[in-house]
Amino acid sequence: MGERMLLTGNHAAAHGARLSRVQVISAYPITPQTTIVEELSEMVASGRLQAKFLTVESEHSAMAACVGAAAAGARTYTATSGQGLALMHEMLHWAVGARLPVVLSNVTRAMAPGWSIWSEQTDFLSQRDVGWLMLFAENVQEAQDFVIWLYRVAEQVYLPGMVAMDAFILSHTSEPLIVHDQDRVDAYLPPFRPLYDLDPAEPRAYGGLVNRDHYYEMRFKMYENMERAGPLLAEAGREFGEVLGFPYAPVEPYMIDDADYVLVSAGAMTSNVRFAVRLLRERGIKVGLLRLVAFRPFPFEEVRRYLGGRAKVAVLDRNMSPGHSGIFAQEIRAALSQGAPPTDVYGYVLGIGGRDIRVETVVEAVEDLLARDHPERCLFVGVKGLPIGPVRPDAEVRPLEPLEAEASG
Amino acid sequence: MAPDQMIELRIHGRGGQGAVVASKVLAEAAFLRGRYVQSYPDYGVERRGAPVVAFARIAEPGDEFFVRQDIRRPDHLLVLDPTLLTSAPVLSGLKPGGWVVVNSPKPPASLEVPGDYQVATVDAAGIAVRHGLGSRAQPVVNTAILGAFVRATGVVELDALLEAIDAEVPVKTVENRAAAAEAFEQADLGS
């Protein structure tokens, strides 16, 4: 049943790619992702992984190389982070429009400026509308397993997929995991069969101009097939449990059955949220957790079923969309607006730029939730010098408060 | 499992001394004996000589309910550079009675560490240099100080530490093992 090892999230992701028998890897190094592709390049150099490793001069080129390799019929992988994912953005559209099931691991990192290498989900969530499958890993086991799970589903619907793993909190944390046996992964993940062969004997044209007669239908099929990915993801998650011993699902409820208050989170911070739920339960507060594993396709049905009708829902966002609110909060509200029993959704933003999200940070947010009598769009937790609350309507227009600017200057 | 039922360790060093590898080796040593572990570096952008902090958590088998946050109330500390004792808030949050294991050729009492702590010292720099680990100006002291740390705290056994060095330190493995074993013997645990 595999080998129990102590690995970082990044090395676990590399093993996920190795066990998926990826045939082409193209990547550009960026902190805190670098050790994923370092490990993969060593695997290729030592012969432990039979794959072509293409070094390129940018993330844009990395994804372009992945697109070419996948079009030629290769199972293709890359990894990136933050600014790298942003630079890759144009080619992310290309991969999905060309229906190429590339998989990438993105170590979620705050965007510059201010220059930051620390954890935040905004880079990943900025790719929301591209059309890739999007999953959030919580621990080192999932950093490995979600790569395998994604290939299984991506290659059934010919749509690419990306895994989010938090900078440092997951990428550089060493934890025990089971590194699966190759023959078990082979039993789970069949070889990639491309939609079309790239064959000089039978020439075709790719990526040409599509006039107004066909583009809409191409996008419509993309949308339809993404809808199909929802049930396939759930099914492939169950099978992951049967074949490899770790069952996965698009959402993970925790202590939720009798909960009046439900917290929603995604990614590595969920470990602390779960812990906070246990502490709050000891105090007699009926709180539960719904962890979102899948972000695209969005688990509408599960969200309505688990959150509809609760006294209060608090969405914990390690990201934000200025002018609106935390991104998960928007998505949860939208899902609940379509026929679910009414629930008040409170949006909380926390942990921006890698600010430590501690168990007590989550407990404080829940205490704030209990004290409020009407839902707020976006409440900020842990801004220096301010209590938990919404933005100040009269705040001065400048990039940083005067005292903060002096302290950091 | 509540956070206070696991052993939490914090390692203070400077870039180049091997603090991050030390946290990984210590976690590996406990992992090899079937315990549940986590190690985590508090990264800045890495620079040689800049203060570096790394963390490790160790729990008994089955206690896999781990948190993911910086360790503010450590049970024990490793200090790879004694100048950090006066220039950085190294002792912050250390639980009373916890060990402070310092790379220093001086006896523990002479460091005048304030507070209700146990202090151990070892000349990890001298031991590292004798075993060819790093240079005289930049000795790599991590494996040596780990030898003294396991002697003082008993958090893991010496043989587990040596196995972990085999697993985690691919360069100069024999020398690193010897440095850890020598530091284990030479550690000054005070009175």
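Keep in mind it's a predicted model, so treat the numbers as computed, not measured. Lettering follows sequence order; numbering is per chain, from 1. The figures here come from the full heavy-atom set of this structure, side chains too, leaving out hydrogens, waters and symmetry mates.
Neither the backbone nor the side chain of A/D166 comes within contact range of chain B; no heavy atoms are under 4.5 Å apart. Neither the backbone nor the side chain of B/R57 has a heavy atom closer than 4.5 Å to any heavy atom of chain A.
Annotation: salt bridge (charged side-chain N to carboxylate O under 4.0 Å, His left out) contacts of A/E138 (sequence neighbours excluded): A/R274, A/R291. In this view, A/D181 satisfies the salt bridge (charged side-chain N to carboxylate O under 4.0 Å, His left out) rule with no residue, not counting sequence neighbours.
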Going through the distances and angles, do A/F168 and B/D42 end up as a side chain to side chain contact (heavy atoms under 4.5 Å, CB included)? CA-CA 8 Å; A/F168 299 110; B/D42 185 17; over 6 Å; no
Does B/K24 form a side chain to side chain contact (heavy atoms under 4.5 Å, CB included) with A/H172? I'd like the steps, not just the answer. CA-CA 10 Å; B/K24 184 89 193 284; A/H172 285 62; over 6 Å; no
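With a 4.5 Å cut-off on side-chain heavy atoms, B/Q38 and A/T173 count as touching. Contact of the A/S174 side chain with the B/Y40 side chain is not registered, since no non-hydrogen atoms from C-beta on lie closer than 4.5 Å. B/Q69 has its side chain within reach of A/V359: a pair of non-hydrogen atoms, C-beta onward, lies under 4.5 Å apart.
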Would you give me the side-chain donor-acceptor pairs under 3.5 Å for residues 121-129 of chain B, sequence neighbours excluded?
unit_1: B/T121; atom_1: OG1; unit_2: B/K106; atom_2: O; d: 2.8
unit_1: B/D123; atom_1: OD1; unit_2: B/G126; atom_2: N; d: 3.0

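With hydrogens and angles disregarded, a donor-acceptor distance shorter than 3.5 Å links the side chain of A/N272 to the backbone of B/R68.
Against chain B, the residues from residues 5-15 of chain A that qualify, each with a non-hydrogen atom under 4.5 angstrom away, are A/M5, A/L6 in number order.
For A/R4 against B/Y36, the heavy-atom pair with the smallest separation is NH2-CD1, 3.9 Å.
With rounding to the nearest 0.5 angstrom, the CD1 atom of A/I169 is 8.5 Å from the CG atom of B/D70.
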